[in-house]
Every structure is written in C-alpha cells, then in structure tokens.
There are 2 protein chains.
Amino acid sequence: MQVTMLASMEHKSLSGMDCSVAQCLEVVGEWWSMLIMRDAFLGVRRFNEFQSRLGISSNILQRRLDRLVETGVLAKVRYSDHPPRNEYRLTNKGFDLWPVLDAMRQWGDRYAAPGGPPLLIVHDGCGSVCETIQVCSSCGVSIDPRGISVVAGPGRSGEDLIPKRPITESGR
Amino acid sequence: MQVTMLASMEHKSLSGMDCSVAQCLEVVGEWWSMLIMRDAFLGVRRFNEFQSRLGISSNILQRRLDRLVETGVLAKVRYSDHPPRNEYRLTNKGFDLWPVLDAMRQWGDRYAAPGGPPLLIVHDGCGSVCETIQVCSSCGVSIDPRGISVVAGPGRSGEDLIPKRPITESGR
DNA sequence: CAGAATAGGTTCTATTATGCAAGTGACTAT
DNA sequence: ATAGTCACTTGCATAATAGAACCTATTCTG
C-alpha cells in the first residue's frame with residue numbers, strides 16, 4: 001500500500017498513494033481542516049468568523065484556508081475591493097465532503113455526546129428529525145462492512161488484500 | 001463553540017467541546033489514526049503488519065495504537081502468552097466508524113483517483129459492485145445538505161447557529 | 001480631522017510532535 | 001550458538017503548531 005506520509009504534513013505529499021481514504025485525508029486530514037469545513041457547512045464564510053468560532057491562531061487558519069483553496073474544496077471569493085476583503089465558500093468538491101462530516105457527527109453523537117446531540121438534522125422533505133443511514137446504491141438495502149466484500153479496482157493491483165475474515169474483537 | 005484544540009495533539013484534550021465532529025476527531029483525528037482504522041477494517045491486526053503496510057515509524061504506531069485502545073475503538077487482545085503477543089481488533093465502537101471511512105473512500109474515489117477506484121465494494125446481498133448513498137432514516141429518501149435544516153439539540157444552546165443561507169460559491 | 005476599530009492577514013519565537021535510527025526483551029527456528 | 005521475529009522503547013534532529021505581536025488598508029466615531 002506504500003503510504004509514506006499521511007496528510008501532507010504541511011507539504012510533504014504522498015502522491016503515489018493508491019488509497020482513496022488517504023487522498024481524502026491529504027485534503028482534510030490536517031489539524032483544523034475538518035472543523036473549518038464543518039463551519040463552512042454551517043454558513044461561516046469570513047476569516048474572523050472562523051477564527052473566533054474555532055479559537056485557532058490566525059497564522060494556522062491562514063495556512064489551512066490557503067490549503068483548502070489550493071486543493072479546491074473552498075473558493076476564495078472577493079466581496080469588496082475597497083477594503084480588500086475575501087470570503088471562503090464551499091466548492092462543489094467541498095460540498096461533497098458532507099457525507100464524511102455527517103458520518104463523523106453521527107458517530108460523535110452516539111459515542112461522545114453524554115448531554116445529547118449538540119445539533120439535530122431535520123429533513124425538509126419529510127419534516128422529521130432524522131439520522132442518515134447508508135444504503136446500497138444498487139438495491140437500496142442498508143449496508144455495513146459485514147455485508148460487503150472488498151475487491152481490487154482499476155486503480156490497484158490487489159496484491160495486498162487480505163482474505164475476508166472477522167475484524168472485530170467479538171469475532172464478527 | 002469554543003474549540004480550543006483539535007484532536008488532542010497527543011494529549012491536550014478539548015473536553016468542553018460541544019461538537020460531535022470534534023469529538024470524533026479527538027479519537028481518529030491524529031496523523032495516522034484513520035489509516036490504522038482503515039487497515040483494521042481490511043483485516044490487519046498485528047503491529048508489524050500495520051507498520052509494514054503503512055510505512056509508519058514504530059514509536060508513532062505504538063502511540064497511535066495505544067490511544068485508539070484508550071479511546072475504545074481498538075481492543076488489545078493477547079493471542080500468545082509465551083512470546084507475549086498482542087493483536088489489535090476493532091471494538092463495536094470502532095466498527096461504527098465505518099460510515100466515516102466509507103464516505104472518505106467514496107470522496108477520494110471521485111476526486112482523487114485518476115486511475116479509477118483502488119478498491120471496489122461488492123454488496124453481498126445483491127451481488128453488485130455498489131456505492132453507498134445516504135438516505136433519511138425517517139422517509140428513506142436520499143439526503144444532502146441542501147435538503148436539511150440544522151437545529152440546536154439537547155447538548156447545546158444554539159446561540160451560535162447561523163441562519164440558513166447559501167453555502168457554496170455557486171450560491172446554493 | 002484625530003483616534004479607535006475592523007478585516008484580513010504576516011512575522012516571530014517557544015513549545016510540541018514527528019520521523020528516523022538504534023536498542024531491548026522474550027522468545028523460536030536452524 | 002547464532003540469527004531472526006515480534007512488539008515495543010529510547011534518543012535525537014527536524015518540522016509543525018500555538019500564541020502573541022505586528023502590519024496594512026479602510027471605515028467609523030467624536
């Protein structure tokens with residue numbers, strides 16, 4: 001699998017990595033990136049607003065925003081020329097990170113929210129507070145790792161695949 | 001929102017943080033953690049196997065494994081007493097991180113896999129290569145951020161919520 | 001018009017984490 | 001007896017981070 005470096009630790013790229021999870025981490029795996037994206041989904045756009053909500057130092061925020069723009073998940077949009085002012089908005093590529101963020105939110109709600117979930121999601125379509133469940137795109141049935149098999153795709157040799165076997169401590 | 005620190009950077013905890021995404025990142029937000037979990041889902045169990053697949057140094061691997069055990073997503077299971085040998089298996093809590101990993105994989109496949117997806121998922125139930133889609137747990141319809149509203153839950157005051165507005169550069 | 005405030009940064013330094021290499025202890029295989 | 005494996009642990013140089021101060025342009029306030 002040849003991972004050499006995780007998420008580009010401020011620039012060492014792991015280009016050759018043939019794993020999509022690692023590719024995703026290269027974009028949003030740095031220390032504050034995911035929280036910046038979360039705030040972007042909540043409607044935050046401006047430097048100062050990110051900074052005050054996150055409590056991050058401005059130099060780090062600047063580097064993260066620059067990198068998120070560079071990798072194409074945020075776009076720097078000028079909204080005033082006269083004091084030169086920019087805001088950061090999600091691109092479509094950034095918007096598509098929603099399932100990742102949503103999955104993290106649900107996991108955190110379940111395992112690390114003793115006072116109940118901090119945020120609730122209301123599905124406008126049906127009007128109810130809901131969770132997100134994962135279903136198979138072919139048959140629409142709910143899926144989890146126990147009901148799937150992993151095979152090598154076009155982007156990899158498959159030599160390093162381990163034969164299917166129980167993966168949890170309880171032997172599932 | 002009061003984030004003070006992202007993912008515990010090797011131990012500074014951000015205890016008071018009322019955001020489930022941040023809570024999740026505190027467990028798997030460190031540099032190699034998510035890739036270790038990915039390998040665990042692929043069936044990797046032993047120290048040496050993680051090390052050789054990831055190309056990570058042994059001291060860092062040790063610290064990551066210890067932390068993943070400490071936070072309860074991996075379990076250290078003794079499989080030999082006589083040379084004392086342990087392996088690391090997913091707990092149920094770790095197993096439930098699957099949607100996060102899967103979402104990252106799909107995003108990476110879409111935006112960072114020029115040679116095609118490195119791995120394909122076959123749904124054993126229907127036998128076809130498939131993707132995962134997210135649907136509303138109430139009505140079963142596919143959802144994305146445009147069709148939902150966010151409201152404060154029991155775990156938060158809601159004061160810092162931003163009124164719903166377009167979040168992408170294209171004004172959606 | 002002077003002075004304070006705001007937005008969006010940049011620069012500096014101390015602290016902290018990482019990567020690499022080497023070493024340890026308990027065995028096992030030859 | 002010697003070499004090798006597995007699961008760690010330690011030390012050290014390097015790199016990334018946090019925190020604070022500083023900077024520039026512009027607007028607001030008195």
Side-chain angles (χ1 to χ4, degrees), chain A residues 2-14 25-26 28-36 39-40 44-70 74-89, chain B residues 2-14 17 22 25-26 28-36 39-40 44-70 74-89:
Chain A
Q2 295 298 15
V3 183
T4 315
M5 179 72 43
L6 205 202
S8 85
M9 288 182 79
E10 206 76 16
H11 275 135
K12 277 178 261 169
S13 148
L14 72 118
L25 286 169
E26 218 178 305
V28 291
E30 286 178 304
W31 289 108
W32 293 93
S33 305
M34 215 64 192
L35 293 178
I36 291 170
D39 273 4
V44 176
R45 298 172 182 175
R46 297 187 184 176
F47 192 92
N48 274 0
E49 203 176 1
F50 282 111
Q51 199 187 358
S52 60
R53 289 173 61 100
L54 295 170
I56 183 179
S57 32
S58 55
N59 56 353
I60 299 297
L61 177 57
Q62 193 58 51
R63 275 193 263 177
R64 292 299 174 270
L65 289 171
D66 284 350
R67 174 139 181 87
L68 293 169
V69 168
E70 185 190 315
L74 290 182
K76 191 169 186 171
V77 180
R78 176 145 294 202
Y79 67 89
S80 154
D81 268 326
H82 250 306
R85 295 282 177 274
N86 306 301
E87 56 182 24
Y88 298 87
R89 309 271 288 249
Chain B
Q2 293 299 16
V3 183
T4 316
M5 178 73 43
L6 206 203
S8 86
M9 286 185 80
E10 206 77 17
H11 275 137
K12 277 179 260 169
S13 148
L14 70 119
M17 175 58 152
L25 286 169
E26 217 178 306
V28 291
E30 287 179 304
W31 287 108
W32 292 94
S33 305
M34 214 64 194
L35 293 178
I36 290 170
D39 273 5
V44 177
R45 297 172 183 175
R46 298 186 184 175
F47 192 94
N48 273 2
E49 202 176 2
F50 283 111
Q51 197 187 359
S52 61
R53 288 173 61 99
L54 294 170
I56 183 178
S57 35
S58 55
N59 55 354
I60 299 297
L61 176 58
Q62 194 58 53
R63 273 193 265 179
R64 292 298 173 271
L65 289 172
D66 284 348
R67 174 142 181 84
L68 293 169
V69 168
E70 186 190 313
L74 290 183
K76 192 170 185 170
V77 180
R78 177 144 295 203
Y79 67 89
S80 153
D81 268 326
H82 251 317
R85 295 281 178 271
N86 304 302
E87 57 183 22
Y88 297 87
R89 309 270 290 250

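Just so you know, these numbers use all the heavy atoms, side chains as well, and skip hydrogens, waters and symmetry mates. Computed from a predicted structure; not experimentally measured. Each chain gets a letter, A, B and so on, in the order its sequence line appears, and its residues count up from 1.
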Quick one: [X] [atom1] to [N] [atom2], roughly how many Å, whole number?
X	N	atom1	atom2	answer
Glu87(B)	dA7(D)	CD	P	9 Å
Phe47(A)	dT6(C)	CZ	P	16 Å
Glu49(A)	dG9(C)	CD	P	15 Å
Arg46(B)	dA7(D)	CZ	P	6 Å
Asp81(B)	dC27(C)	CG	P	10 Å
Ile60(A)	dA18(D)	CD1	P	5 Å
Ile36(B)	dT18(C)	CD1	C1'	14 Å
Lys76(A)	dA7(C)	NZ	C1'	12 Å

Q. Heavy atoms under 4.0 Å, any strand shown: does Phe50(A) hit a base, just sugar-phosphate, or nothing?
A. nothing
Per the atom types in the model, does the base of dT9(D) pair as donor or acceptor with the side chain of Ser58(B) at under 3.5 Å?
yes
Query raised in the report: Hey, is the main chain of Gly29(A) close enough, under 3.5 Å, to the side chain of Ser33(A) for a donor-acceptor pair?
Result: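 Here the side-chain-to-backbone pair does not exist.
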- Measure from NZ or CZ of Arg45(B) to the centre of the six-membered ring of Tyr79(B), then state whether that distance is under 6.0 Å and the direction lies within 45° of the axis.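 Because its charged atom misses either the 6.0 Å distance or the 45° angle limit, Arg45(B) does not stack over Tyr79(B).
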5'-most contact on DNA chain D (nearest-nucleotide basis), Arg85(A) vs Tyr79(B), goes to Tyr79(B)
Check Arg46(A) with Glu49(A), please: is the shortest side-chain N to carboxylate O separation under 4.0 Å? no
- Message: Looking at Glu87(B) and Arg89(B), is any side-chain nitrogen of the basic one under 4.0 Å from a carboxylate oxygen of the acidic one?
- Response: yes
Picking from [options], which would you name as closest to the side chain of [X]?
X	options	value
Pro84(A)	dA25(D), dT18(C), dG9(C)	dA25(D)
Asn59(A)	dA26(C), dC12(C), dG9(C)	dC12(C)
His82(A)	dT26(D), dT28(C), dG8(C)	dT26(D)
Trp32(B)	dG19(C), dG8(C), dA18(D)	dG19(C)

*Between Asn86(A) and dG8(C), does any side-chain N or O lie under 4.0 Å from OP1 or OP2?*
no
Query raised in the report: Taking only side-chain nitrogens and oxygens of Tyr88(A), does any of them come within less than 4.0 Å of OP1 or OP2 of dA7(C)?
Result: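 Checking Tyr88(A) against dA7(C): no side-chain N or O falls below 4.0 Å of OP1 or OP2.
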(Q) Would Arg63(B) and Ile60(B) count as a side chain to side chain contact (heavy atoms under 4.5 Å, CB included) here? Give the steps. (A) CA-CA 5 Å; Arg63(B) 273 193 265 179; Ile60(B) 299 297; 3.8 Å; yes
